[in-house]
Number of protein chains: 2
Amino acid sequence: MTDQDRPGFDLDEFLPYLLNQAAEAASLGFQEIYRDRYGLTRTQWRVLANLGRFGAMTARDICAISHVEKTKVSRAVAALDRGGLLRRRPSDTDGRAEILDLTDRGQGVFAEIGLCARDYDLALRQRLGAGAAGDLTRVLRAIIAAR
Amino acid sequence: MTDQDRPGFDLDEFLPYLLNQAAEAASLGFQEIYRDRYGLTRTQWRVLANLGRFGAMTARDICAISHVEKTKVSRAVAALDRGGLLRRRPSDTDGRAEILDLTDRGQGVFAEIGLCARDYDLALRQRLGAGAAGDLTRVLRAIIAAR
DNA sequence: TTGACCTGGTTGCATTCGCAACTATAAAGG
DNA sequence: CCTTTATAGTTGCGAATGCAACCAGGTCAA
């Protein structure tokens, strides 16, 4: 492998590439918690986290908030339901929709993982420095909003 | 859905979550180029980009540089080979390893996608502002390095 | 009320992924 | 040499994904 310059664009400066690598790196350690300790997939954890954070809502709402495909959400909801972490209740204003909400057990799991998440996030922010972490948050939000 | 505060950690501030969403958002538009126009998967594009940027190397090197699982790289290499974008040549110093290098066609595809990538990246940086983009790059590198 | 269209959610199917097991070669130590 | 251990790369298999098709319930207008 030669590391001399080649013509063309520079991969190391390509933001989507850097973002993906950083996201992967940041998610890797944390994934072990929800996966190994609770048997959850990333999507399942996300659905759980959204319900835990924002309270009861429909699958459609979760899609809108988290920008996750509805079929992914659908299957994650089914899995969480099977696992007893979430309850589904028919909406009384829309016969198609279901109101999703965490069960007590779901709340418990969310609280436990949430504590780990807080620690994990804190450690990461400390490594980056408070200022950089704050700036990062702002820029990431801008990127997300621009989709 | 209620958006009142709930106890526990705040999902909106969780860096791995923000990073994943931002990475997804940033990759989405660009993905259409290598996927729809060239039939490449993300991993295939990454392998191609690394070979295009850094020149001939082994699959193992690509794994080390890009932090991608070796089985993913293996399959991407096989696909690129089938597509005639890449050549494999046995290493003369290690009977297990193969030296990978882009064919002329592979170079061409890399150059074409590279131009689009450059534009895409430039547009993204302009939206964020030059200063913010530079800081972002630095912080992302720090996160990636800390894995 | 009826018909045309829209929307929340699920399912089928082909593709991709992750992990473990495997093959073949290399390296190190006796 | 021969045995042991490590490494480059591939493959099998179950799980997760993406996309299109689908079902059932709304919406809106004539």
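As the structure is a computational prediction, the values presented were derived from the model and not from experiment. Residue numbers begin at 1 in each chain, while the letters A, B, ... track the order of the sequences.
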Measure distances between side-chain N and O atoms of A/R35 and base N and O atoms of C/dG18, and say whether any donor-acceptor pair falls under 3.5 Å. no
Nearest-0.5 Å distance that lies between atom OG in A/S74 and atom CD in A/E69: 12.0 Å
Rounded interatomic separation in angstrom, taking CZ from A/R82 and C1' from D/dA16: 13 Å
Between C/dC17 (P) and A/K72 (NZ): distance, integer Å: 12 Å
For A/Q44 and D/dA16, give me the distance from atom CD to atom C1', rounded to whole Å. 10 Å
Would you say the ring centers of B/W45 and A/Y17 fall short of 6.0 Å from each other? no
5'-most contact on DNA chain D: A/T93 or A/T71, nearest heavy atom basis? A/T71
The side chain of B/A59 lies closest to which of these nucleotides: D/dC19, D/dT10, D/dG9? D/dG9
To the nearest Å, how far apart are A/D92 CG and C/dG8 P? 17 Å
Output the rounded distance in Å from CZ (A/R42) to P (D/dT17). 9 Å
Looking at C/dG12, does its base get a donor-acceptor pair with the side chain of A/R75 below 3.5 Å? yes
note: B/I99, atom CD1; D/dG9, atom C1'; distance rounded to Å ~ 13 Å
Out of D/dT10, D/dT17, C/dT25, which nucleotide sits closest to the side chain of A/T43? D/dT17
Closest approach to the side chain of A/R96, judged atom by atom: which nucleotide of C/dT7, C/dC19, C/dT16 is it? C/dT7
B/R141 bridged to A/E13 by N-O distance under 4.0 Å: yes
Residue A/K70, side-chain heavy atoms: nucleotide from C/dT10, C/dC6, D/dT17 that is nearest: C/dT10
Select from A/R60 and A/Q31 the residue whose nearest nucleotide in DNA chain C is closer to the 5' end of that strand. A/R60
Identify which nucleotide among D/dT7, D/dG18, C/dT10 has an atom closest to any side-chain atom of A/E69, counting heavy atoms from C-beta outward. D/dG18
Check this for me: does any side-chain nitrogen of one of B/R138 and B/D135 sit under 4.0 Å from a carboxylate oxygen of the other? yes
Compare the minimum distances between each of D/dT10, D/dC19, C/dG18 and the side chain of B/E98, then state the nucleotide with the smallest one. D/dT10
How is B/R88 classified with respect to the nucleic acid when contacts are heavy atoms under 4.0 Å: base, sugar-phosphate, or nothing? sugar-phosphate
May I ask you to verify if any side-chain N or O of A/T58 is less than 4.0 angstrom from the OP1 or OP2 atom of C/dG8? no
So that I can tick it off, tell me whether A/D101 and A/R89 are bridged by a salt bridge, with the cut-off set at under 4.0 angstrom between side-chain N and carboxylate O. no
Starting at CE of A/M57 and ending at P of C/dG9, how long is that distance when rounded to a whole Å? 12 Å
Between B/S74 and D/dT10, is there a side-chain N or O to OP1/OP2 distance below 4.0 Å? yes
